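Because only heavy atoms are used, hydrogens play no part in the values below, and waters and symmetry mates are left out as well, while side chains stay in. Here the structure is a predicted model, which means the values were calculated and not measured.
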Amino acid sequence: MTQTLAPARETGHTLGLGRFRRALRAVAIVSCVPYLSLKVAWIAGSRTGIPDGSSLLEHRASMAVANSVTVLMDAAVIVLALVLTRPWGLRAPAWLLGLPAWVATGLLAPITAGFPLQLLVDLLGGSRASSGGGDAEPFLDAWVFGVVYTGFIVQGLTLGALFVLYARDRWGRLWEGRVWELPVGLIGAAQRAVAVAAAVCALLPLLTHLLWAGGGTAGLDERHVTGRTSGFYVMEALSVVFLAMAVIGGLLLAFRRGRTLPVLVPLALAWVGSAATVCWAAWLSLAPLTDVADGPAPLLNLTYAGQMIVGILVACLGVHFLAERDASRKRRTA
């Protein structure tokens with residue numbers, strides 16, 4: 001999204017602040033409290049939720065830095081909730097709002113989808129302890145994951161709903177109609193080349209995540225092999241899903257396939273798929289910097305890098321599409 005996108009006054013909409021949006025905003029802000037409270041307590045030296053023998057206790061300096069960063073990231077959820085529900089939020093530059101919303105989508109979507117699936121798989125008999133890794137010291141008390149991930153899911157659902165309502169009010173006309181109605185010149189050869197490049201770059205991460213989701217260990221370091229649980233397989237399968245969403249969304253936009261589909265469908269696939277693919281891979285790549293674990297194996301590095309390249313390419317396609325459609329609408333109304 002760019003600053004050229006039409007502001008709300010050009011679409012004839014105003015930001016309605018009804019009870020529903022106020023309630024969503026309140027829930028989003030309150031859902032941040034448990035996570036922020038835990039992080040602040042850990043920065044202050046508390047061991048709440050951290051068992052004896054946890055690797056977190058061995059890297060206090062690096063973990064204090066990491067916790068400070070994640071406090072700022074979760075505090076940004078509160079800022080986003082306010083921007084999306086206050087009249088002055090409509091005056092925010094599109095890129096300044098769109099980028100944090102895209103990052104929030106990328107970090108929260110895998111958790112929102114993955115944590116309930118992990119619980120379901122566990123209830124159906126999935127493994128909680130890895131084979132060969134059952135004697136390892138626990139990283140955090142089990143209740144911490146429940147509290148934190150439940151808060152993340154609530155944040156993801158409420159922020160997602162608020163952003164959809166906000167985007168509909170401010171930019172809704174940019175995704176009206178169906179794919180076959182798109183102007184012929186909206187997407188050119190360069191954009192098609194970008195979509196193809198994204199699909200090609202997706203092959204390696206798709207294959208590796210499929211391999212790991214199916215139980216293969218090629219390319220995994222010892223920590224990942226011994227630490228596999230049912231949750232690991234769920235997240236590997238979801239990585240495949242988000243990669244596929246990004247690639248399909250990009251190809252639909254670039255080649256105008258699925259001509260009877262609403263324009264919103266490929267845009268939503270590109271938005272969620274690219275965000276989850278880039279941000280989750282970036283988060284996993286940064287995890288070793290806390291010194292809690294050894295650096296990832298070379299194939300893991302290549303997989304994460306491939307994911308980020310795919311997501312960035314598809315995100316660029318989406319930005320170009322929205323900017324071009326906005327410019328096309330302005331030319332027709334001039």
Side-chain angles (χ1 to χ4, degrees), residues 27-28 30-60 62-71 73-75 77 104 107-159 212-213 215 217 220-239 276 279-280 283-284 286-294 296:
V27 173
V30 171
S31 66
C32 297
V33 173
Y35 183 79
L36 290 174
S37 299
L38 272 174
K39 289 291 185 172
V40 170
W42 291 343
I43 293 172
S46 172
R47 291 182 52 180
T48 302
I50 304 177
D52 293 334
S54 172
S55 57
L56 293 176
L57 300 175
E58 302 172 4
H59 307 274
R60 291 185 179 275
S62 58
M63 291 312 302
V65 173
N67 285 330
S68 299
V69 172
T70 52
V71 163
M73 291 172 64
D74 208 46
V77 171
L107 293 175
L108 294 174
I111 295 173
T112 302
F115 189 60
L117 285 175
Q118 289 181 24
L119 293 178
L120 178 60
V121 172
D122 288 341
L123 287 175
L124 295 176
S127 60
R128 291 179 178 271
S130 61
S131 59
D135 296 332
E137 293 290 347
F139 184 67
L140 287 169
D141 290 338
W143 65 266
V144 174
F145 293 100
V147 169
V148 168
Y149 288 152
T150 299
F152 284 159
I153 291 171
V154 174
Q155 292 171 33
L157 294 176
T158 52
L159 268 187
W212 298 332
T217 60
L220 291 175
D221 55 31
E222 183 179 354
R223 176 175 61 89
H224 283 88
V225 172
T226 59
R228 288 178 299 169
T229 65
S230 56
F232 170 86
Y233 299 112
V234 168
M235 296 309 296
E236 289 302 313
L238 279 177
S239 294
C279 298
W280 198 247
W283 180 255
L284 293 175
L286 290 173
L289 298 181
T290 62
D291 292 328
V292 172
D294 296 330

Of the non-hydrogen atoms in Gly114 and Val234, which two are nearest, and what is the gap between them?
O-CG1, 3.9 Å

What one should report as the nearest heavy-atom pair of Val27 and Thr158 is CG1-CG2, 3.7 Å

Is there a side chain to side chain contact (heavy atoms under 4.5 Å, CB included) between Leu220 and Phe232 once you walk through the steps?
CA-CA 12 Å; Leu220 291 175; Phe232 170 86; 4.0 Å; yes

Considering all heavy atoms of both residues, which atom of Leu238 and which atom of Ala113 are nearest to each other, and what is their separation?
CD1-C, 4.0 Å

Distance col, row Leu107:CG vs Cys279:SG, nearest 0.5 angstrom, shows 5.0 Å

Atom pair CG/CG of Leu108 and Leu157 - distance to nearest 0.5 Å
9.5 Å

Under 3.5 Å donor-acceptor pairs involving side-chain atoms of residues 147-155, not counting sequence neighbours:
{"from": "Thr150", "atom 1": "OG1", "to": "Gly146", "atom 2": "O", "distance (Å)": "2.6"}
{"from": "Gln155", "atom 1": "NE2", "to": "Ser31", "atom 2": "O", "distance (Å)": "3.4"}
{"from": "Gln155", "atom 1": "NE2", "to": "Asp74", "atom 2": "OD1", "distance (Å)": "3.4"}

Please round to the nearest 0.5 Å and tell me the distance separating atom CG of Leu56 and atom CZ of Arg47.
10.5 Å

Donor-acceptor pair, side chain of Arg228 and main chain of Gly215, under 3.5 angstrom
yes

Mind listing the closest non-hydrogen atom pair of Trp42 and Asn67 along with its distance?
CB-ND2, 3.8 Å

Heavy-atom nearest pair, Cys32 first then Val77, reads SG-CG1, 3.6 Å

Before giving the answer on side chain to side chain contact (heavy atoms under 4.5 Å, CB included), spell out for Leu140 and Ile50 the whole-Å C-alpha distance, their side-chain angles and the decisive distance to 0.1 Å.
CA-CA 5 Å; Leu140 287 169; Ile50 304 177; 3.8 Å; yes

So CH2 of Trp283 and OG1 of Thr70: to nearest 0.5 Å the spacing works out to 6.0 Å

Just verifying a value: how many Å separate Ile111 CD1 and Trp280 CH2, rounded to the nearest 0.5 Å?
4.5 Å

Enter the distance from Ser68:OG to Met63:CE here, rounded to the nearest 0.5 Å.
10.0 Å

